[in-house]
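The structure appears below as structure tokens.
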Amino acid sequence: MTVESRRLEIELEADGGMEDLTEKVERFVESSEVEEGAVTVYMLGSTGSVTTLEYEPGLQKDLPEAMEKLAPSGKDYKHHETWNDGNGRSHIRASIIGPEVTMPIINGELVHGTWQQVVAINWDTKNREREIVLQLRGK
Amino acid sequence: MTVESRRLEIELEADGGMEDLTEKVERFVESSEVEEGAVTVYMLGSTGSVTTLEYEPGLQKDLPEAMEKLAPSGKDYKHHETWNDGNGRSHIRASIIGPEVTMPIINGELVHGTWQQVVAINWDTKNREREIVLQLRGK
Amino acid sequence: MTVESRRLEIELEADGGMEDLTEKVERFVESSEVEEGAVTVYMLGSTGSVTTLEYEPGLQKDLPEAMEKLAPSGKDYKHHETWNDGNGRSHIRASIIGPEVTMPIINGELVHGTWQQVVAINWDTKNREREIVLQLRGK
């Protein structure tokens, strides 16, 4: 079994700032010996998410707008009584979408649809440097 | 380590059409040599999801209805300015629920609750042939 | 390859009762031989979820409140016609957040942010004893 992990640091804007990680993940898969296995793309922290998305400018606005309806910015969250940091909405959005996605590798290639990219999203109320772990497991 | 991958193609109806994949996954697990490990059930494309659900006719309507509230059909998404394909809601629903679930295998058996099935969901606005990858990793 | 699985049973309150599993997962990782790999934290059943969350009292109320808006308690779900058990909302919340999270292990340590805990959530309308599987895969 081969396990390889790589840490990335990326700058993301506040309230739904995104980066398409697909190319970085593909280069990592190509550079490794793993031909059959999986890669987990995982965000550290409790105000960010990883998921797959068609990465185009329209959806980069549409997804945060939908999450704004589910966990609105103006609301007085109980989280604010604990820390007074005003980012209750960010935590809720992050926990619903989740911190990771695990994608298959077959014949040395990352499996995804043509318009399906793997993206990191910052839900925090401030621009943030976010830490991502890419982990390959296979043979 | 054993890694085995299988591709499935399934026909799903528009706007929340579902198929229960549990039996197919269980047959794949039984046919393989893996006794201890995990299976990732993964949907290709950016307008579909995989999750677990009690697969019964009521919830097959209730879940799409809840997602309709979160990302309504009538809305004018910015995604439509990019492609004019009218399926902005489908992308949002797919990205929130996510494209995959990873389930443990113990003693050669898929671990799930009695009323917990693994289901593929098509959120697109048209009936679609969807491609699924089942991937077993273990020993 | 090493695969180790452990079953936990935990008591959770109704409608969003939570437990922070981080310490239990960390102790499992420390007790095992796996230095590089991943752990899947998986809830059996169709009315519960596993995700990461900053585990503090405010968010323990805020997250269920947001899910109440998405799948409200008062609603007459079609699920109730099938079973008459009144927990349609619980199934919807569970399927959207999902039953599992897969987290990397690097240098024998579980990777997570300082304020990022892995939590089990019971969405059912009754207090429940819930079954969790922790599964380590690595080397």
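Naming: A, B, ... by sequence-line order, numbering from 1 per chain.
Around NZ of Lys61(B), the count of heavy atoms belonging to other residues, nucleotides or ligands within 6.0 Å does not exceed 12. Atom NZ of Lys126(B) has 12 or fewer neighbouring heavy atoms from other residues, nucleotides or ligands inside a 6.0 Å radius.
Inter-residue side-chain proximity for Met1(B) and Glu36(A) is flagged as unmet; no heavy-atom pair is nearer than 4.5 Å. In this structure, Met67(A) and Ile96(B) have side chains that are in contact, with non-hydrogen atoms separated by less than 4.5 Å. Between Pro104(A) and Arg137(B), every side-chain heavy-atom pair lies at or beyond the 4.5 Å cut-off. The shortest distance between side-chain heavy atoms of Gln116(A) and Pro99(B) falls below 4.5 Å. No side-chain heavy atom of Gln135(B) sits under 4.5 Å from any side-chain heavy atom of Val111(A).
Closest of all the heavy-atom pairs between Met103(A) and Tyr42(B) is CE-OH, 3.2 Å. Leu44(B) approaches Gly113(A) most closely through the heavy-atom pair CD2-N, 4.0 Å. When all heavy atoms of Leu63(A) and Ser95(B) are compared, the closest pair comes out as CD2-CB, 4.4 Å. In terms of heavy atoms, Gly98(B) sits closest to Thr51(A) at CA-OG1, 4.2 Å. Here the closest non-hydrogen pair linking Asp62(A) and Lys78(B) is OD1-N, 2.8 Å. Across all their heavy atoms, Gly37(A) and Val3(B) have their closest contact at N-CG1, 3.8 Å.
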Could you walk me through whether His91(B) and Glu56(A) pass side-chain contact (heavy atoms from CB on, under 4.5 Å), step by step?
-> CA-CA 11 Å; His91(B) 289 279; Glu56(A) 59 80 22; over 6 Å; no
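For chain A, no part of Arg93(B) is nearby; none of its heavy atoms comes within less than 4.5 Å. Proximity to chain A (any heavy atom under 4.5 Å) is shown, for Lys139(B), by neither the backbone nor the side chain. Looking at Glu65(A), the atoms closer than 4.5 Å to chain B (heavy atoms on both sides) all sit in the side chain, from C-beta outward. Interface remark: Glu81(B) contributes no atoms to any contact with chain A (heavy atom separation under 4.5 Å). Looking at Ile105(A), the atoms closer than 4.5 Å to chain B (heavy atoms on both sides) all sit in the backbone: N, CA, C or O. Interface residue Tyr77(B): backbone and side-chain heavy atoms are both found under 4.5 Å from chain A.
In terms of heavy-atom pairs under 4.5 angstrom with chain B, the leader among Ile106(A), Thr2(A), Val50(A), Thr114(A) is Ile106(A).
Ser46(B) places no side-chain N or O within donor-acceptor distance of the main-chain N or O of Leu53(A), the cut-off being under 3.5 Å.
With no hydrogens or angles considered, a side-chain donor-acceptor pair links Trp83(B) and Glu54(A) at under 3.5 Å.
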